[in-house]
Amino acid sequence: MHHFHAQNGQLCAEDVPLEDIAREVGTPVYIYSTATLTRHYRVFADALAGASVPHLICYAMKANSNQAVVSLLGNLGAGMDVVSGGELMRALSAGVPAHKVVFAGVGKTDAELAEGIDAGILCFNAESESELAALSAVAVQKGTRAPVSLRVNPDVESGTHAKIATGAKETKFGVPASRAREIYARAAQMPGLKVVGVDMHIGSQITALEPFDAAFNVLGDLLDALRSDGHPIEHVDVGGGLGVPYDDAVADPPRPEEYAAVVARHSNRFGCQVLVEPGRMIAANAGILLTRVVHRKEGDGKTFLVVDAAMNDLIRPTLYDAHHEIRPVRPAGGPSEIVDVVGPVCETGDYLALSRPLAPQDRGDLLAIMTAGAYGAVQSGTYNTRALVPEVLVSGSEWAVVRPPMLPAEQIKRERVPDFVKAVGQDMARS
Ligand code: LLP
């Protein structure tokens, strides 16, 4: 469910014609819908509440950390799941209370641990014994105890793309469930730690409920053991990961209510607050990437639409073989043709879709790359000295640029040519 639909023969974001945004901001541009973001948050919160799960939703900011998006979700009541000092800063500057922030990640530095302690966050989700020791040391230095959960790796197969599966024992994430008790016992002895919970996350874009069910079973068993060992567990963090529909031709993933029902089946046994960290299901289809056809090119038995968005703007097709639906902004009649939709970057891997049936498009036509609100702009870069892509947020008939583009001139201005390089030029000029 989203709010990008045709009105008067052209695709709109809520009530704003995409052509208006393209005209004023240019393309490529990410466009997000306030109504969709709000709806997804509420539907998920209502599903958990409806299933009587005592919960806090900590939105996984890595999916889309634009200040406007984080502020909106914070205003709706969301906490945040952050994975760096930078994301923590974003959450706090968007006004999200620190006591609703959890801090994940395998490589938190001492400086980041200190920032989390200073802010007074809800919990550190620690991923190793080394991190527990470092966190304890930093907390002791500050004369306090840091609230901590251990991320446990339940060793379940989530059936998702290998690059985004995290719950199998071969990945770098968490500690093996079989060693968790022993590590918890050690954590409880550390002078700078306060053990408050248990944490888990098995992967992203998971399209079945069974992996969650299996992982929650492991969590339940562990919780029983930890409680009998005397650890006062106040919350269980079950991670994020519920998939979204990317491909109109593939069956939809489970709905939030179905996911909530699985959580609810385990939450009595958990007997405490449940934290959930959805990212993709809140943001993905709340956003599109709008792009314009620059050239139409007939190859050897192949038609290419060269558009002005590229892998530096949306890397998901290149990196994860991801499918994104593509909709013409002005739906044209006539039979569709099979095209490769490619960007201008000098790599064969620079494409947004391969062998895709699409109504015939020409130079200047606008295309919407759908379901690009999560892991889109946050993974963008400036490869080939392209502008860092701008972002727009729409609400009803209003809209605002929430990140202007970072243009090449600005990128070049940030760089420095040291004197020893200038000297090389001078030597050359003399010789
Ligand atoms: N919690 C933790 C600890 C995570 O590592 C992640 C995602 C989430 C929550 C949120 O998962 P979600 O609800 O969004 O599935 N760049 C990839 C996705 C990477 C996901 C990393 N972790 C992509 O474009 O598909």
*Asks:* Which heavy atom in Val82 sits nearest to a heavy atom in Met61, and how many Å separate them?
*Replies:* CG1-SD, 3.7 Å

*Asks:* With the side chain counted from C-beta on, respond yes when Ile233 and Val195 share a heavy-atom pair under 4.5 Å apart, and no when they do not.
*Replies:* yes

*Asks:* For the residue pair Thr34 and Leu393, establish whether any side-chain heavy-atom pair is separated by less than 4.5 Å.
*Replies:* yes

*Asks:* Look up atom CD in Glu127 and atom CG in Leu150, then write down how far apart they are to the nearest 0.5 Å.
*Replies:* 8.5 Å

*Asks:* Hey, does Val238 have a side-chain heavy atom less than 4.5 Å from the side chain of Phe212?
*Replies:* no

*Asks:* Would you say that Val198 contacts Ser149 through its side chain, given a criterion of any heavy-atom pair below 4.5 Å between the two side chains?
*Replies:* no

*Asks:* So does Met1 have more than 12 non-hydrogen atoms from other groups sitting under 6.0 Å from CE?
*Replies:* yes

*Asks:* Check for a donor-acceptor pair, side chain of Thr371 on one end and backbone N or O of Tyr246 on the other, with a separation under 3.5 Å.
*Replies:* no

*Asks:* Tell me if the CD atom of Gln7 is crowded by more than 12 foreign heavy atoms within 6.0 Å.
*Replies:* yes

*Asks:* Ignoring hydrogens and geometry beyond distance, is a side-chain donor-acceptor pair present between Asp308 and Thr291 at under 3.5 Å?
*Replies:* yes

*Asks:* List the steps and the verdict of salt bridge (charged side-chain N to carboxylate O under 4.0 Å, His left out) for Arg327 and Asp248.
*Replies:* CA-CA 12 Å; Arg327 305 234 164 106; Asp248 289 350; 3.3 Å; yes

*Asks:* Do you know the tightest heavy-atom contact between Gly396 and Val16?
*Replies:* O-CG2, 3.5 Å

*Asks:* Could you report the tightest heavy-atom contact between Ile206 and Ile202, atom names first, then the distance?
*Replies:* CD1-CG1, 3.6 Å

*Asks:* Check step by step if side chain to side chain contact (heavy atoms under 4.5 Å, CB included) holds for Leu222 and Val218.
*Replies:* CA-CA 6 Å; Leu222 178 63; Val218 175; 5.5 Å; no

*Asks:* Check the pair Val244 / Asn285 against side chain to side chain contact (heavy atoms under 4.5 Å, CB included), numbers first and verdict last.
*Replies:* CA-CA 8 Å; Val244 302; Asn285 68 10; 5.6 Å; no

*Asks:* Identify the heavy atoms of Ser84 and Glu112 that sit nearest to each other, and give their distance.
*Replies:* CA-OE2, 3.5 Å

*Asks:* Please check if the side chain of Asn66 supplies one atom and the backbone of Ala68 the other of a donor-acceptor pair under 3.5 Å.
*Replies:* yes

*Asks:* Tell me which pairs pass salt bridge (charged side-chain N to carboxylate O under 4.0 Å, His left out) where either residue lies in residues 74-90, with sequence neighbours left out.
*Replies:* Lys62-Asp81

*Asks:* Ignoring hydrogens and geometry, is there a side-chain-to-backbone donor-acceptor pair from Thr36 to His3 under 3.5 Å?
*Replies:* yes

*Asks:* If you measure from CD1 on Ile315 to CG on Leu352, what distance do you get to the nearest 0.5 Å?
*Replies:* 11.0 Å

*Asks:* Is there a donor-acceptor pair under 3.5 Å between the side chain of Asp340 and the backbone N or O of Ser355?
*Replies:* yes

*Asks:* Judged by atom type as modelled, is there a donor-acceptor pair below 3.5 Å linking the side chain of Asp247 to the main-chain atoms of Ala249?
*Replies:* yes

*Asks:* Would you mind listing every ring-ring contact (aromatic ring centres under 6.0 Å, His included) that reaches into residues 40-82, with sequence neighbours excluded?
*Replies:* Phe44-Tyr259

*Asks:* Between Val402, Leu407, Val29, which is the residue that forms a side chain to side chain contact (heavy atoms under 4.5 Å, CB included) with Pro390?
*Replies:* Val29

*Asks:* Dump the intermediate steps for side chain to side chain contact (heavy atoms under 4.5 Å, CB included) on Thr207 and Val250, then the final yes or no.
*Replies:* CA-CA 11 Å; Thr207 52; Val250 170; over 6 Å; no

*Asks:* Which word best sums up how the rings of His2 and His5 line up, parallel for under 30°, tilted for 30 to 60°, or perpendicular for over 60°?
*Replies:* parallel

*Asks:* Working to the nearest 0.5 Å, report the span between CD of Glu234 and CG of Leu122.
*Replies:* 8.5 Å

*Asks:* Check the pair Met80, Leu73 against side chain to side chain contact (heavy atoms under 4.5 Å, CB included), reporting the backbone distance first and the verdict last.
*Replies:* CA-CA 9 Å; Met80 296 291 146; Leu73 293 170; 4.2 Å; yes

*Asks:* Going by heavy atoms in the side chains, are Val276 and Cys58 under 4.5 Å from each other?
*Replies:* no

*Asks:* Quick one: does Arg330's side chain have a donor or acceptor within less than 3.5 Å of a partner on Leu366's backbone?
*Replies:* no

*Asks:* Spell out, as yes or no, whether a donor-acceptor pair under 3.5 Å connects the side chain of Gln361 to the backbone of Ala359.
*Replies:* yes

*Asks:* For a quick test of reading the model, state the closest non-hydrogen atom pair linking Ala63 to Val378 and the distance between them.
*Replies:* O-CG2, 3.4 Å

*Asks:* What's the spacing between Arg269 CZ and Phe216 CZ if we round to 0.5 Å?
*Replies:* 13.0 Å

*Asks:* With rounding to the nearest 0.5 Å, note down the distance linking CZ in Arg316 to OH in Tyr375.
*Replies:* 9.0 Å

*Asks:* Nearest 0.5 angstrom please: Ile31 CD1 to Ile369 CD1, how far?
*Replies:* 11.5 Å

*Asks:* Find out whether Leu367 and Pro328 are in side-chain contact, i.e. whether some heavy atom of one side chain is under 4.5 Å from a heavy atom of the other.
*Replies:* yes

*Asks:* Let's go through Asp237 and His201 carefully: what are the C-alpha distance in whole Å and the side-chain angles of both, what is the deciding distance for side chain to side chain donor-acceptor pair (under 3.5 Å) to 0.1 Å, and is it a yes or a no?
*Replies:* CA-CA 8 Å; Asp237 186 332; His201 172 74; over 6 Å; no

*Asks:* Quick one: do the Arg356 and His324 side chains pair a donor with an acceptor below 3.5 Å?
*Replies:* no

*Asks:* Over all heavy atoms of both residues, which pair between Asp252 and Pro245 is shortest? Give the atoms and the distance, please.
*Replies:* OD1-CB, 3.4 Å

*Asks:* Ignoring hydrogens and geometry, is there a side-chain-to-backbone donor-acceptor pair from Asp350 to Ala310 under 3.5 Å?
*Replies:* no

*Asks:* Does Leu289 reach the side chain of Leu314, with side-chain heavy atoms less than 4.5 Å apart?
*Replies:* yes

*Asks:* Look only at the side chain of Arg403 and the backbone of Val389, and say whether a donor-acceptor pair between them is shorter than 3.5 Å.
*Replies:* yes

*Asks:* Taking atom types as modelled, is there a side-chain donor on Gln411 or Thr385 under 3.5 Å from an acceptor on the other?
*Replies:* no

*Asks:* Can you name the one residue among Leu290, Val394, Val392 that meets side chain to side chain contact (heavy atoms under 4.5 Å, CB included) with Leu18?
*Replies:* Leu290

*Asks:* Does any non-hydrogen side-chain atom of Val43 lie less than 4.5 Å from one of Arg255?
*Replies:* no

*Asks:* Show me the side-chain donor-acceptor pairs of residues 100-108 shorter than 3.5 Å, one per line, residues at least two apart or across chains.
*Replies:*
from, atom 1, to, atom 2, distance (Å)
Lys100, NZ, Gly77, O, 3.1
Lys108, NZ, Gly105, O, 3.0
Lys108, NZ, Asn125, O, 2.7
Lys108, NZ, Glu131, OE1, 3.3
Lys108, NZ, Glu131, OE2, 2.5

*Asks:* Report the C-alpha separation of Tyr320 and Gln205 in whole Å, then their side-chain angles, then the decisive distance to 0.1 Å, and conclude whether the side chain to side chain donor-acceptor pair (under 3.5 Å) test is met.
*Replies:* CA-CA 11 Å; Tyr320 314 110; Gln205 186 55 17; over 6 Å; no

